[in-house]
Amino acid sequence: MADKITSRSQDYSQWYIDLVRSAKLADYSDVRGCMVIRPNGYAIWEKMQAALDRMFKETGHVNAYFPLFIPESYIAREAEHIEGFAPECAVVTHGGGEELAEKLYVRPTSETIIWASYKKWIQSYRDLPILINQWANVVRWEMRTRLFLRTAEFLWQEGHTAHATRQEASEEVLRMIGIYKQFAEEYMAMPVIMGKKTDSEKFAGADETYCIEAMMQDGKALQAGTSHHLGQNFAKAFDCQFQTSEGKLDYVWATSWGVSTRLIGALIMAHSDDRGLVLPPKLATRQVVIIPILRGDKTAVIAEADSIALALNKYGIPAFVDASEQNSPGWKFAEYELQGIPIRIELGPRDIAEKKCIAARRDTLEKTDLALDNTLPLQVSEILRQIQQSLFDKALRFRTENTREATTFEAFKTAVEKGFVIAHWDGTAETETKIKEETKATIRVLPSEDDYISRYNMNEPGICIYSGKPSAQKVIFAKAY
RNA sequence: CGGGGCAUGGCGCAGUUGGUAGCGUGCCUGCUUUGGGAGCAGGAGGUCCCGAGUUCGAGUCUCGGUGCCCCGACCA
């Protein structure tokens, strides 16, 4: 008997930790708050990177790399920025055995070091826009950590763009949050709500922050990606001006946007079950495992299994055979379910005699017979498509069922324990803070998606749930990770 | 930084009034098995977190330290 995973109903938080560790996605390290991303976990990240990187390139972005170390004077340049980040930074004071003349901050994000470069690169409107992304690690000295969701060091991508006009930067901010939404929904099969953060939740140094928010299986919200309009804040801090086509000087407009390995945590908490990981096919490095039932003429069974794998691979479906005799079929079933392989094909002498095999779906655990002929790859690819779709549908249904509207604070308090709550807010930070203090719930997002807005009449005026003052719109509250 | 918990074979744990360390699982060998985490036999594997103290004798008692995890405040 291998590792037992705590059930979700018993202890959701422990379930998550058990799953991450027993599916070998990540491990704790001896460094506080830092994790080791194991091959199974890293494979998911590589799939995410590949898809996102392609989407970035398709929208005109290029990759580059900036230093890990940021001089203290750079970090300090933008007032709000340092105020927000300094408390959670690791700082290098010594190098080569000697104390440094200027301390170096291990990047918590790279706006400052990048804008120091942009200042050198930008003179004219002809140098704009700059559309750079970097894949990197960052460090934030978190007080409390959780595997993938919040660790002291994590991997991410950060896009940093420079534009000639506010409008152009605004378009970029929306374009990228849109890409994140598309990625979350198409690849991760995780529905998200796209919209704006309130002032208190926005990025340190930004004018506006857009985000995508997802609902986890315990009803809590998880911010899965952010895109910031930085206005001219960093350009001013780094004195980055350019000459316009009319010959005037203006400060450069900036954006930044990012997603991190936190997405792996989101993926787990969106779909997985008590048996282990459930991976959407589009993020599975191995989509099909073939398990031969080794009895009778073993050689013949293995040969047939191999030929199925070959046919699937040729068709573009990554499949592999586990023909080891060390473990029983039952052991393998459990193991690959734990690892989230989307489809398991069982193949024994009886099946071969009947010219069929059995396909078991990881998400629904349903088993169906598949004809063992040259249509097999087509049949398998159809099941993969269904899994991808049905994961999304199920998550969306769950989110809808756990989204409630509240018109009184009493109703709000009850509802917010179980999921998202849509309610009127007077727009003040004071009210937001009070509600957080009393319920631990925060305003997750002011949706900017038309269908969501119209569905819940988000823009209809009303009365604030807490203060009773006039409210221009409804917002989404939830407890969050 | 507050509150709680844990530290003993790889992993999960037990260890009584102090007597020289054991169980499950995993690992290695062999045989039998194989359609939902197989069985039997044999075997390897320990600085009991660190330091000091009490004692003839400490995994166990005393004092001091360290590390990690969980719950809160802060955060992608």
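Naming: A, B, ... by sequence-line order, numbering from 1 per chain. In this text, all values refer to a predicted model and were calculated from it rather than measured experimentally.
Looking at A:Lys332 and A:Glu335, no side-chain N of the basic residue comes within less than 4.0 Å of a carboxylate O on the acidic one, giving no salt bridge. We find that A:Glu185 and A:Lys181 are joined by a salt bridge, their nearest charged nitrogen and carboxylate oxygen being less than 4.0 Å apart.
Within the 4.0 angstrom heavy-atom criterion, no nucleotide atom of any strand lies near A:Gln14. When heavy atoms are screened at a 4.0 angstrom cut-off, A:Lys197 is found touching no nucleic acid atom at all. Across all strands shown, A:Gln223 has heavy atoms under 4.0 Å from sugar-phosphate atoms exclusively, and none from any base. At a threshold of 4.0 angstrom between heavy atoms, the contacts of A:Lys440 are confined to the sugar-phosphate backbone, with no base atom among them. At a threshold of 4.0 angstrom between heavy atoms, the contacts of A:Phe203 with the nucleic acid are absent. Residue-level contact check: A:Ser13 touches the backbone only, with heavy atoms under 4.0 Å from sugar-phosphate atoms and none from bases. Among the heavy atoms of the strands lying under 4.0 Å from A:Pro349 is at least one base atom, whether or not backbone atoms are also near. Across all strands shown, A:Thr151 has heavy atoms under 4.0 Å from base atoms, whether or not it also approaches the sugar-phosphate. Within 4.0 Å (heavy atoms only), A:Leu222 reaches no atom of the nucleic acid at all. Looking at heavy-atom distances under 4.0 Å, A:Ile291 makes no contact with the nucleic acid at all.
With P as the reference atom, B:rG65 and B:rC1 are 14 Å apart, rounded to whole Å. Look at the C1' atom in both B:rU16 and B:rA73: the space between them is 42 Å, to the nearest Å. When the P atom is compared between B:rU8 and B:rC40, the two are found 29 Å apart, to the nearest whole Å. Separation of the C1' atoms belonging to B:rG19 and B:rG57 is 7 Å when rounded to the nearest angstrom. Spacing between B:rC71 and B:rC63 at atom C1', rounded to whole Å, works out to 29 Å. Here the separation of B:rC23 from B:rA58, taken at their P atoms, is 24 Å to the nearest Å. Nucleotides B:rC70 and B:rG30, compared at atom C1', are 45 Å apart to the nearest Å. B:rG46 sits 30 Å from B:rA38 when the C1' atoms are compared, rounded to a whole Å.
With rounding to whole Å, A:Lys332 atom NZ is found 10 Å from B:rG35 atom P. In this structure, the CZ atom of A:Phe333 is 10 Å from the C1' atom of B:rU34, given to the nearest Å. If you take CD1 of A:Ile302 and C1' of B:rU34, they are 12 Å apart, rounded to a whole angstrom. Computed from coordinates, the A:Trp331 CH2 to B:rU25 C1' distance equals 13 Å when rounded to whole Å. The interatomic distance linking A:Arg140 (CZ) with B:rC74 (C1') rounds to 13 Å, in whole Å. Taking atom CZ of residue A:Arg146 and atom P of nucleotide B:rG72, one finds them 9 Å apart after rounding to whole Å. Atom CD of A:Gln326 and atom P of B:rC28 are 8 Å apart (whole Å). Across the protein-nucleic acid pair, A:Glu325 atom CD and B:rG30 atom C1' stand 15 Å apart, rounded to whole Å.
Residues A:Phe183 and A:Tyr180 keep their aromatic ring centres 6.0 Å or farther apart.
For B:rU34, the base has a donor-acceptor partner in the side chain of A:Lys298 [N/O atoms by modelled type, under 3.5 angstrom]. For a distance-only test at 3.5 Å, the side chain of A:Asn327 fails to qualify as a donor-acceptor partner of the base of B:rG37. No N or O donor and acceptor, one from the side chain of A:Arg275 and one from the base of B:rG37, sit under 3.5 Å apart.
Nearest nucleotide to the side chain of A:Phe154, out of B:rG36, B:rG35, B:rA76: B:rA76. Comparing atom distances between the A:Asp351 side chain and each of B:rC71, B:rG35, B:rG37 picks out B:rG35 as nearest. In this structure, the nucleotide among B:rA76, B:rG35, B:rC69 sitting nearest to the side chain of A:Tyr28 is B:rC69. If you check B:rG36, B:rG35, B:rA76 against the side chain of A:Ser260, the one that comes closest is B:rA76.
Summarising the base pairing, B:rU55 is matched to no nucleotide, lacking a Watson-Crick or G-U wobble pair whose two defining distances lie under 3.5 Å. Remark: B:rA73 base-pairs with no nucleotide in the shown strands. Criterion, Watson-Crick or G-U wobble with two distances under 3.5 Å. Across all strands shown, B:rA44 remains unpaired; no Watson-Crick or G-U wobble contact has both distances below 3.5 Å. Pairing partner, B:rU20: none, since no Watson-Crick or wobble contact has both distances short of 3.5 Å. When both distances must be under 3.5 Å, the Watson-Crick or G-U wobble mate of B:rU60 does not exist. The nucleotide B:rC6 finds its pairing partner in B:rG67, both defining distances of the Watson-Crick or G-U wobble pair being shorter than 3.5 Å.
Toward the 5' end of RNA chain B, the nearer of the two residues A:Leu294 and A:Cys34, judged by each one's closest nucleotide, is A:Leu294. Residues A:Arg144 and A:Ala360 both approach RNA chain B. Their nearest nucleotides, taken by heavy-atom distance, put A:Ala360 toward the 5′ side.
Taking side-chain N and O atoms only, A:Tyr481 has no distance below 4.0 Å to OP1 or OP2 of B:rC74. Of the side-chain N and O atoms in A:Ser328, none sit less than 4.0 angstrom from OP1 or OP2 of B:rU34. Checking the phosphate oxygens (OP1, OP2) of B:rC74, a side-chain nitrogen or oxygen of A:Lys436 falls inside 4.0 Å. Considering only side-chain N and O atoms, A:Arg295 lies nowhere under 4.0 angstrom from the phosphate OP1 or OP2 of B:rU33.
In this structure the side chain of A:Lys479 reaches within 4.5 angstrom of the side chain of A:Glu417, judged on heavy atoms.
A cation-pi arrangement is absent between A:Arg344 and A:Tyr336 under the rule of less than 6.0 angstrom and at most 45 degrees off the ring axis.
In this structure, A:His228 and A:Phe203 have parallel ring planes: the angle between them is below the 30° cut-off, well short of the 60° mark.
Applying ring-ring contact (aromatic ring centres under 6.0 Å, His included) to A:Trp45 and the options A:Trp135, A:Phe148, A:Trp156 leaves one that passes, A:Trp135. Considering A:His81, A:His229, A:His160 in turn, A:His81 is the only one that fulfils the ring-ring contact (aromatic ring centres under 6.0 Å, His included) rule with A:Phe234.
Not one N or O on the side chain of A:Lys103 forms a donor-acceptor pair closer than 3.5 Å with the backbone of A:Pro71.
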